Amino acid sequence: MIEITLPDGSSRTFQKGVTAHEIALSISEGLARKVLSAKVDDDIYDLNMPIHKNAHVKLLTWEDAEGKATFWHSSAHIMAEAIEILYPGTKFGIGPDIENGFYYDIDLGENVISSDDFPAIENKIMDLVRQGQNFERSEISKKEALKYYNEKQDPYKIELINELEDGTISLYKTGGFVDLCRGPHLMDTTPIKAFKLLNVAGAYWRGDENRKQLTRIYGISFPKKKDLDAYLVFLEEAKKRDHRKIGKELQLFTFSSTVGSGLPLWLPKGTELRLNLENFLKQAQKASGYVQVMTPHIGLKELFTVSGHYEKYGQDSFRPISTPAEGEEFLLKPMNCPHHCEIFKSQQHSYKDLPVRYAEFGTVYRYEQSGELHGLTRVRGFTQDDAHIFCRPDQLKDEFKGVIDIIFHIFKALEFENFEAQISLRDTENKEKYIGTDENWERSEKAIIEACQEKGLKATVVKGEAAFYGPKLDFMVKDAIGRKWQLGTIQVDYNLPERFELEYVGSDNQKHRPVMIHRAPFGSMERFVAVLIEHCAGKFPLWLTPEQVAILPISEKFVDYSKKVLSLLQNSDIRAYIDDRNEKTGRKIRDTELKRVPYMLIVGLKEEETETVSVRKQGAGDAGQMPINKFIETLKTEINTLIKFNK
RNA sequence: GCCACUGUAGCUCAGUUGGCCAGAGCAGCUGAUUUGUAAUCAGCGGGUCGGGGGUUCGAAUCCCUCCAGUGGCUCCA
């Protein structure tokens, strides 16, 4: 007999070799129907896998991430089975579950699959699913496994098997399809009720550009049809939030194939938005002791040889620009720090002057492969809200805290609640990969961790993710469709001060090397605006939005009064305009709503006579009539509370 | 860059067994209307069907090529 402890702490005794399915049945039949796989101590088991030891067992359902993983992983097998039937001779790579669904990488030989073929494959899949096929596990020797796949002539599986230890190899069989797989899997296909193939893409075998490109098919499946419907609705909603779509609708930015791909053109309203963001940050930076600098868009190749960027990234960058007479070579700057290092170097610095904080909205250019470009999130020319802090090692922690304050300020004013922070430390097993002394690394890593703790920032700590030149703290947010984007970053750098031989004079009258911090709370203006658009679906906060108030005269008789209202608003720095088109009020309201202008002021005879405006709040409808001054005061209060930076 | 897909008016889209001067809605322009909380009415203008080449009596439609975009892969200082 063995003792099984359940998550609620209770324990029961079972025959040795009991399965998780039997355990579930002993609790209730309903549970047994819902359970997908089981966590036995630290391993995930198939439901019909015998348990031979005393263990903690958690029965996993669709509600558990691991349960979903089992469900999707099994779905991937069924998809593969269907493909093998429809496209005989297909070779199979890997087919894992992912965050939302699963994929399978396959080599179709001469065949091609496009999304047009999805319905046929989906039908075949549902055929197989309805047969209630079992997942049958078998454990075989490496030799047998190799023999099987040699006969099947599947080079990918052979490669995978060769990397496995003998004695740990298992196969899973559903219908006529046998797959090399560690498991776990569902007992059978009955829980799968809805299946959808999502897209098809090329994917290099094992992520290696030099190896063969396989066809990757993404899919998702659900235990209920209505879950699939809800997911498809979610995808539709996400599409509506796409920053490329909203950016076009709200006339924020555009691209021109004549200018070049990946080179965004900011339209007047987008520029207004961006400048508002920049000024918002500048204000916080000024209050935090930053000074603005400006540098040109190019620099001698030599500058980037000194910084080391040319050696590391030169081959994958825009080619140098050369002068006609002298043949000097310049590079478009891929980052601002080398220029800032030269600014630091142009003057003597005393320890008393540190930290020095140079800030610049610096536009940089990086070559991205054409297939990588994506709206404003991946471009070839973009502006970083960059700053470089040159400080003494003992000042690192305070500087980190200062930057965290600014980032919190931004996230708060823009209502980003779901962000993640990650501290990246070096891999202490491979210290030779990093530049800088042990002492410095330990000191700066400690400074980051303590700064986060003292600021109440919950950050995950990942070893081995640091850059070679220093540890860092990154901020990530998710866009509308759940894709993660890195926005803000704070990075310690021991490398550039060394390469540029930066110095300050210490209290001991000796020369010392400062530490450098790169930091960009937005990351890049382009990417940040993109994520912001998707985050708020184009309904920007009042303080930020390009057009805050639309004045809607009832008829052209009230345009003069509208102009008076407009100038009062403008005198109070409120961004407003008059919609004096020859249209009915309903029409003006509709168009203004679609433009996502936060406030509408409807003015007609009764407003003109009483020096008032009728306020309508975007999305909320009529908010009543009030004196102009009262409206202005309310608005100003609403704006100022959000953008004020308090340390 | 690679794989798959897409490209018709400013925008969203219809138009393929190849066949009369290529269509709609919105937007734009002109006029009428003087309007009260999510689309007033009428008229008009607008397209080398992404570019180039080819097949054909005939190409938006078929083929080749280039460009741009979409979804991924790889990378991201």
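Below, chain A is the first sequence line, B the second, and so on; all start at residue 1. Please read these numbers as outputs of a predicted model, since none were measured by experiment.
For B:rG71, one of the phosphate oxygens OP1 or OP2 lies less than 4.0 angstrom from a side-chain nitrogen or oxygen of A:H374.
When the P atom of B:rG69 is taken as reference, atom CZ of A:F255 falls 8 Å away, rounded to whole Å. Rounded to whole Å, the distance from NZ on A:K595 to C1' on B:rU37 is 17 Å. If you measure from atom CD of A:E556 to atom P of B:rA32, you get 11 Å, rounded to the nearest angstrom. Look at NZ on A:K588: it is 14 Å from P on B:rU34, rounded to the nearest Å.
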For residues 303-314 of chain A, which side-chain donor-acceptor pairs fall under 3.5 Å, sequence neighbours excluded?
{"unit_1": "A:T305", "atom_1": "OG1", "unit_2": "A:K301", "atom_2": "O", "d": "2.9"}
{"unit_1": "A:S307", "atom_1": "OG", "unit_2": "A:F304", "atom_2": "O", "d": "3.2"}
{"unit_1": "A:S307", "atom_1": "OG", "unit_2": "A:H309", "atom_2": "N", "d": "3.2"}
{"unit_1": "A:S307", "atom_1": "OG", "unit_2": "A:H309", "atom_2": "ND1", "d": "2.7"}

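Base pairing of B:rU55 is not made with any nucleotide, judged by Watson-Crick or G-U wobble geometry with both donor-acceptor distances under 3.5 Å. A 3.5 Å limit on both hydrogen-bonding distances identifies B:rC11 as the Watson-Crick or G-U partner of B:rG25. In this structure B:rU70 sits in a base pair with B:rA4, meeting the Watson-Crick or G-U test at under 3.5 Å.
Residues forming a ring-ring contact (aromatic ring centres under 6.0 Å, His included) with A:F631 (at least two apart in sequence, or on another chain): A:Y599. For the ring-ring contact (aromatic ring centres under 6.0 Å, His included) test, no residue two or more places apart in sequence or in another chain qualifies with A:F540. Residues passing the side chain to side chain contact (heavy atoms under 4.5 Å, CB included) test with A:K595, sequence neighbours excluded: A:K269, A:E547, A:Y577, A:V597. Partners of A:Y365 according to the ring-ring contact (aromatic ring centres under 6.0 Å, His included) rule, which considers only residues two or more places apart in sequence or in another chain, are A:H297. Residues passing the salt bridge (Lys or Arg N to Asp or Glu O under 4.0 Å) test with A:D579, sequence neighbours excluded: A:R581. Scored by the side chain to side chain contact (heavy atoms under 4.5 Å, CB included) test, A:E122 finds A:F118, A:K196, A:L197 as partners (sequence neighbours excluded). Evaluation of the ring-ring contact (aromatic ring centres under 6.0 Å, His included) rule for A:F344 yields A:H349, A:F390 as partners, not counting sequence neighbours.
Between A:E163 and A:R206 there is a salt bridge, with a side-chain nitrogen of the basic residue lying less than 4.0 Å from a carboxylate oxygen of the acidic one. Note on A:K472 versus A:E465: no salt bridge recorded, every NZ/NE/NH1/NH2 to OD/OE distance being 4.0 Å or above. A salt bridge is defined here as a Lys NZ or Arg NE, NH1 or NH2 lying under 4.0 Å from an Asp or Glu carboxylate O, and A:K240 with A:D242 fails to meet this definition.
Within residues 259-268 of chain A, the residues approached by RNA chain B to less than 4.0 Å at the level of any non-hydrogen atom are A:S261, in residue-number order. Residues from residues 612-627 of chain A lying near RNA chain B, meaning a heavy-atom separation below 4.0 Å, are A:S614, A:R616, A:D622 in numerical order.
Across B:rG72, B:rG1, B:rG36, the shortest atom-to-atom separation from the side chain of A:K606 is found for B:rG36. Counting only heavy atoms from C-beta on, A:R216 has its side chain closest to B:rG72 among B:rG71, B:rG1, B:rG72. Closest contact between the side chain of A:E607 and the listed nucleotides B:rG1, B:rC73, B:rG36 involves B:rG36. The side chain of A:I602 sits closest to B:rU37 out of B:rA38, B:rG72, B:rU37. Of the candidate nucleotides B:rU34, B:rU37, B:rC76, B:rU37 has the atom lying nearest to any side-chain atom of A:T585. Nearest to the side-chain atoms of A:E583 among the listed nucleotides B:rG36, B:rU40, B:rU34 stands B:rU40.
Checked against a 6.0 Å centroid threshold, the rings of A:F92 and A:Y156 do not count as neighbours.
Donor-acceptor pairing under 3.5 Å, judged by distance alone, is present between the side chain of A:R590 and the base of B:rA39.
Within the 4.5 Å cutoff, no side-chain heavy atoms of A:V603 are placed close to those of A:E608.
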Fill in the blank from the handout: 5' to 3', nucleotides 2-9 of chain B under a 4.0 Å protein heavy-atom cut-off (B base, S sugar-phosphate only, - none) gives BBSS----

Polar pairs (N or O, both sides) under 3.5 Å between protein and nucleotides 10-13 of chain B?
none

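Here A:Y218 lies in heavy-atom contact (under 4.0 Å) with sugar-phosphate atoms only.
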